[in-house]
Amino acid sequence: NQGTLQNTRYRTLPENASGTAEKMTIDGPNRLIMEDATYTTCPPNDVAWELSANEITLDKESRQGSATHVVIDFMGVPFLYLPYLRFPLGDARMTGILLPNLGISDKHGTEISVPYYWNIAPDMDATITAHNMTRRGVMWENEFRYLNENSEGQIELDYMKDDTVYGNNRKRLKWHHQAQA
């Protein structure tokens, strides 16, 4: 349960994660610390995205990973640098900020959306997004999902105060619910 490996390729199961590391330290039965490493959950022969970092820690007990000085590549093109990143391993869920969305359009101007994911309970979660549009203002987008033995649903509630294009407050409510007897 202890050891150090140099110039490694790794794959974790059942998470199906893989990557490389200049140095890998095995720190007990559930913890790996990798230096100058890469990480992806893509199939080994079809890597669409990859995270590279100075250090990556994978902790199977807490079902969480963390990384420092992170560069995320998509299709071989680096597009995001983060000084620190935490992420879930496997199908675990974690509360935190998700990747922002950027865009530009004639109608809305420059747009940036920053979603925050809230893991409320095993059967409930919410995503709260601040969506800034330079020509219209800020819209708050809210999505709440629930699941239980006999039903599931999703509630979306969006609100924009003083939409500069339409000159009024904008709001939207959508509720989708399915149940079985």
Side-chain angles (χ1 to χ4, degrees), residues 15-19 34 36-43 46-59 62-147 152-177:
E15 294 86 10
N16 204 29
S18 63
M34 298 174 285
D36 295 320
T38 64
Y39 175 89
T40 185
T41 54
C42 295
D46 188 22
V47 177
W49 72 271
E50 184 175 65
L51 175 151
S52 59
N54 283 4
E55 183 175 288
I56 300 174
T57 302
L58 303 176
D59 188 328
S62 68
R63 299 177 70 189
Q64 294 184 15
S66 64
T68 59
H69 298 288
V70 176
V71 175
I72 299 176
D73 289 359
F74 180 71
M75 304 302 286
V77 177
F79 75 93
L80 181 64
Y81 167 80
L82 299 166
Y84 180 78
L85 177 67
R86 279 187 23 197
F87 51 93
L89 299 178
D91 61 357
R93 300 181 306 165
M94 288 178 56
T95 295
I97 296 173
L98 302 175
L99 289 176
N101 297 309
L102 300 169
I104 190 165
S105 75
D106 292 336
K107 185 174 183 180
H108 304 294
T110 303
E111 297 182 63
I112 182 167
S113 296
V114 181
Y116 179 80
Y117 176 77
W118 181 16
N119 184 26
I120 300 168
D123 58 351
M124 285 186 271
D125 64 22
T127 304
I128 303 157
T129 303
H131 183 174
N132 185 41
M133 297 170 270
T134 57
R135 292 198 177 142
R136 295 184 67 186
V138 176
M139 179 185 296
W140 290 97
E141 301 168 348
N142 302 281
E143 176 189 64
F144 172 75
R145 300 183 305 175
Y146 57 91
L147 174 68
E152 65 181 64
Q154 180 174 325
I155 300 170
E156 297 175 24
L157 176 62
D158 302 338
Y159 180 75
M160 176 184 285
K161 183 174 176 66
D162 299 324
D163 184 336
T164 56
V165 170
Y166 294 98
N168 59 6
N169 295 340
R170 309 281 292 179
K171 48 196 164 270
R172 179 179 78 95
L173 172 64
K174 177 183 175 184
W175 182 15
H176 174 80
H177 179 79

For Trp49, does the CH2 atom have more than 12 heavy-atom neighbours from other residues, nucleotides or ligands under 6.0 Å away?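 Atom CH2 in Trp49 is packed in, count exceeds 12.
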Within a 6.0 Å radius of atom CG on Leu173, are there more than 12 heavy atoms belonging to other residues, nucleotides or ligands? yes
Who passes side-chain hydrogen bond (donor to acceptor under 3.5 Å, both in side chains) against Asn119, sequence neighbours left out? Arg93
Are side-chain heavy atoms of Val114 and Ile97 found at a separation under 4.5 Å?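 Answer yes - side chains close enough.
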Selection residues 107-127 - residue pairs positive for ring pair (Phe, Tyr, Trp, His ring centres under 6.0 Å), sequence neighbours left out: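 Of all non-adjacent pairs touching residues 107-127, none passes ring pair (Phe, Tyr, Trp, His ring centres under 6.0 Å).
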Counting distance only, does the side-chain N/O of Arg172 pair as donor-acceptor with the main-chain N or O of Leu157 below 3.5 Å?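 Checked: no pair found.
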Counting N and O atoms only, with roles assigned by atom type, does the side chain of Thr134 sit under 3.5 Å from a partner on the main chain of Thr110, one being a donor and the other an acceptor?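 It does hold such a pair.
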When you look at Trp175 and Glu156, which way does the side chain to side chain contact (heavy atoms under 4.5 Å, CB included) test go after all the steps? CA-CA 6 Å; Trp175 182 15; Glu156 297 175 24; over 6 Å; no
Is it the case that the ring center of His69 lies less than 6.0 angstrom away from the ring center of Tyr84?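 Distance test on ring centres: not under 6.0 Å, no.
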First locate atom [atom1] of [X], then atom [atom2] of [Y], and finally report the distance between them rounded to the nearest 0.5 Å.
{"X": "Leu98", "Y": "Thr129", "atom1": "CG", "atom2": "OG1", "result": "7.5 Å"}
{"X": "Leu147", "Y": "Gln154", "atom1": "CG", "atom2": "CD", "result": "12.0 Å"}
{"X": "Tyr39", "Y": "Leu89", "atom1": "OH", "atom2": "CG", "result": "5.0 Å"}
{"X": "Asn169", "Y": "Asp163", "atom1": "CG", "atom2": "CG", "result": "9.0 Å"}
{"X": "Met133", "Y": "Ile112", "atom1": "CE", "atom2": "CD1", "result": "12.5 Å"}

Examine Arg170 relative to Tyr166 and say whether NZ or CZ is less than 6.0 Å from the centre of the six-membered ring and inside a 45° cone about the ring axis.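 Yes, Arg170 and Tyr166 form such a contact.
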Do you know which two heavy atoms are closest between Tyr146 and His176, and how far apart they sit?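 Smallest interatomic distance, heavy atoms only, reads OH-O, 4.1 Å.
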